[in-house]
Q: 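First, the structure itself, so that you have it in front of you.
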There are 2 protein chains.
Amino acid sequence: MYAAAQTSFQQAEHVERTQISGPYLVAPYQAGREIYAEGDLIDKCYQVSTGAVSVYRLLPDGRRQVVSFHLPGEMFGFEAGSNHSFFAEAITETKLAVFGRRHMQERSRELLALALTGMARAQQHLLVIGRQCAVERVAAFLIDLCERQGGGRQLRLPMSRQDIADYLGLTTETVSRVVTKLKGRSVIALRDARTIDIVKPDALRALCN
Amino acid sequence: MYAAAQTSFQQAEHVERTQISGPYLVAPYQAGREIYAEGDLIDKCYQVSTGAVSVYRLLPDGRRQVVSFHLPGEMFGFEAGSNHSFFAEAITETKLAVFGRRHMQERSRELLALALTGMARAQQHLLVIGRQCAVERVAAFLIDLCERQGGGRQLRLPMSRQDIADYLGLTTETVSRVVTKLKGRSVIALRDARTIDIVKPDALRALCN
DNA sequence: GAGAGCACTTGATTTGAATCAAAGTGCCCA
DNA sequence: TGGGCACTTTGATTCAAATCAAGTGCTCTC
């Protein structure tokens, strides 16, 4: 599907300048590489081809809030205004389909649907962070991620405990303790720290509210 | 501006059915009245004319998260999907301009901008709730509200301490204690519980991060 | 295969906000 | 004019999660 997967980001930039819209190129990003920063001009949007992306915001003292993770097939990078308010970075080795400004204008109808689901996700996440305890937050996170990976029983976490903590408004220690507790109750099982088997999906779902 | 301010909601519904789009009618709502509920079909959107509105979500055990407040001039009611995931209710005596489905289709470009700012607001709020302490949350709330009311030094709160608590992920007691503390430091002064003078705007802004 | 460097886990203690409880305060209406 | 009621404030105590502090285990390199 992505014939130009090995194409560099610089070439993608060039094509965009020449106003080609529909077809796009795929740019590779190493784990940890910044995709855009707060303050950068918004002139592209992205679709994850492989890998995973986090979008986050920082406070001056270093506190961080991850507002979203993006998995293969998902789009991100559109925001209100002309400059980014958030940072985006590749969590793992990632390939991104890059769309130019012209493409965004042509597809404003689809963009509306994406913006509305983005708003819904953020608002749902507000409920989780604002009104649920640590166990409920982690359970909701695992279920959400599982569904977005196709709903199977095995779950691969592309992100670290710190990323999860910054997404859920917790600390790594608390995330780790909750995972240990869920493992103790046999709700989940760990193959390794980043690979989770959901042993009792119903029990996990019951923990969300 | 709103010539038909006294028109009933039922008449507004009728006009919508007859496909009149651009001109709209204004419907009055008493304090506490529900505007729409979770599960309701999405077929209108609203602009606050006078008063104030809260949009919130409930957990089965009664915990509540207010995701947004809407003041005069602001629009709300558009969501992803075909049914509402949230409740909306008038906080005070409120008048709403009601727009029908046809109007929304015609103005999808403006709706995109609204959806993007809605997403940005929700994501900014995630940072506040996920990573800031009680004092920072209340300070951020007061500044946000103040700016949306025109940026003067006097601030009128249309909502109760409970509404504020449910918006900030706190309890009424904690909100009250923070307000008392800010009053003690002379950052703010209270004319009454719902009318606040911002005595030291810079000090308040400094508390946000 | 030894050792450095990370990510993750576990334990002890502290702490900020929740909870529980009891007053104020103001407002509506009889 | 005063009683009732909802909202707000204040105080005492508890508790969930943060912080502080070691470990453990894995991977990568030399």
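Just so we're on the same page: letters track the sequence lines, and every chain starts at 1.
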Q: Testing A/Asp144, A/Ile143, A/Leu145 one by one against A/Phe141 for a side-chain contact (heavy atoms from CB on, under 4.5 Å), which residue passes?
A: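 So the option named by the test is A/Leu145.
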Q: Once you build an axis from the first five pairs and another from the last five of the helix from C/dG1-D/dC30 to C/dA30-D/dT1, how far apart in angle are they, to 10 degrees?
A: 30°
Q: Is it true that A/Glu38 and A/His84 share a donor-acceptor pair across their side chains at a distance under 3.5 Å?
A: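 No - no donor-acceptor pair under 3.5 Å links their side chains.
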Q: Over all strands shown, is B/Leu168 touching base, sugar-phosphate only, or nothing at heavy-atom distances under 4.0 angstrom?
A: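 B/Leu168: no heavy atom of the nucleic acid under 4.0 Å.
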Q: Measure the distance from CG on A/Leu190 to P on C/dA7 and round it to the nearest whole Å.
A: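 Atom-to-atom, A/Leu190 to C/dA7, this comes out as 18 Å.
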Q: May I ask you to say what B/Arg137 touches in the nucleic acid, namely base, sugar-phosphate or nothing, with a heavy-atom cut-off under 4.0 Å?
A: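 If one applies the 4.0 Å heavy-atom cut-off, B/Arg137 turns out to touch nothing in the nucleic acid.
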Q: Give a yes-or-no answer on whether the side chains of A/Arg156 and A/Thr195 include a donor-acceptor pair shorter than 3.5 Å.
A: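 On atom types as modelled, these side chains qualify, holding a pair under 3.5 Å.
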Q: Decide whether B/Tyr56 and B/Glu89 meet the rule of one side-chain donor and one side-chain acceptor closer than 3.5 Å.
A: yes
Q: Given C/dA17, C/dC8, D/dT8, identify the nucleotide with an atom nearest to the side chain of B/Arg194.
A: D/dT8
Q: Nearest to the side chain of B/Leu170, heavy atoms from C-beta on, is which of C/dA18, D/dT8, C/dT9?
A: C/dA18
Q: Checking all strands, does B/Ser176 fall into the base, sugar-phosphate, or nothing category for heavy-atom contacts under 4.0 angstrom?
A: base
Q: Rounded to the Å, how far apart are B/Met159 CE and D/dA6 C1'?
A: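 Answer to the nearest Å: 18 Å.
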Q: Name the closest nucleotide to the B/Glu173 side chain, picking from D/dA18, D/dG11, C/dA7.
A: D/dG11
Q: Return the minimal non-hydrogen interatomic distance between A/Thr50 and A/Pro72, and the atom names on each side.
A: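 It is CA-CG, 4.2 Å.
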Q: Could you tell me the separation between the CD atom of B/Gln132 and the C1' atom of C/dA17, rounded to a whole number of Å?
A: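 Whole-Å distance recorded here is 16 Å.
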Q: Below the 4.0 Å mark, does C/dA17 have OP1 or OP2 next to a side-chain nitrogen or oxygen of B/Thr171?
A: no
Q: Is a donor from one side chain sitting under 3.5 angstrom from an acceptor on the other, for A/Arg64 and A/Gln162?
A: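 A/Gln162 and A/Arg64 do not have a side-chain donor-acceptor pair below 3.5 Å.
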Q: Picking from C/dA18, D/dA17, D/dT8, which would you name as closest to the side chain of B/Thr174?
A: C/dA18
Q: Between B/His125 and B/Tyr167, is the ring centre distance below 6.0 Å?
A: yes
Q: Where the side chain of B/Ser160 is defined as all heavy atoms beyond and including C-beta, which of D/dT8, C/dC8, D/dT19 is the nearest nucleotide?
A: D/dT8
Q: Starting at CZ of A/Arg131 and ending at P of D/dA17, how long is that distance when rounded to a whole Å?
A: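 Spelled out: CZ on A/Arg131 to P on D/dA17 is 14 Å.
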Q: Under 3.5 Å, is there any donor-acceptor pair linking the side chain of A/Gln162 to the base of C/dC8?
A: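 No, the side chain and the base share no sub-3.5 Å donor-acceptor pair.
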Q: If you take atom types as modelled and just measure distance, does the side chain of B/Arg177 reach the base of C/dT19 with a donor-acceptor pair under 3.5 Å?
A: yes
Q: Would you mind reading off the distance between A/Lys181 atom NZ and D/dA17 atom P, rounded to a whole angstrom?
A: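 Rounding to the nearest Å, NZ of A/Lys181 and P of D/dA17 are 8 Å apart.
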Q: So which nucleotide from C/dC8, D/dT19, D/dT9 ends up closest to the side chain of B/Thr180?
A: D/dT9
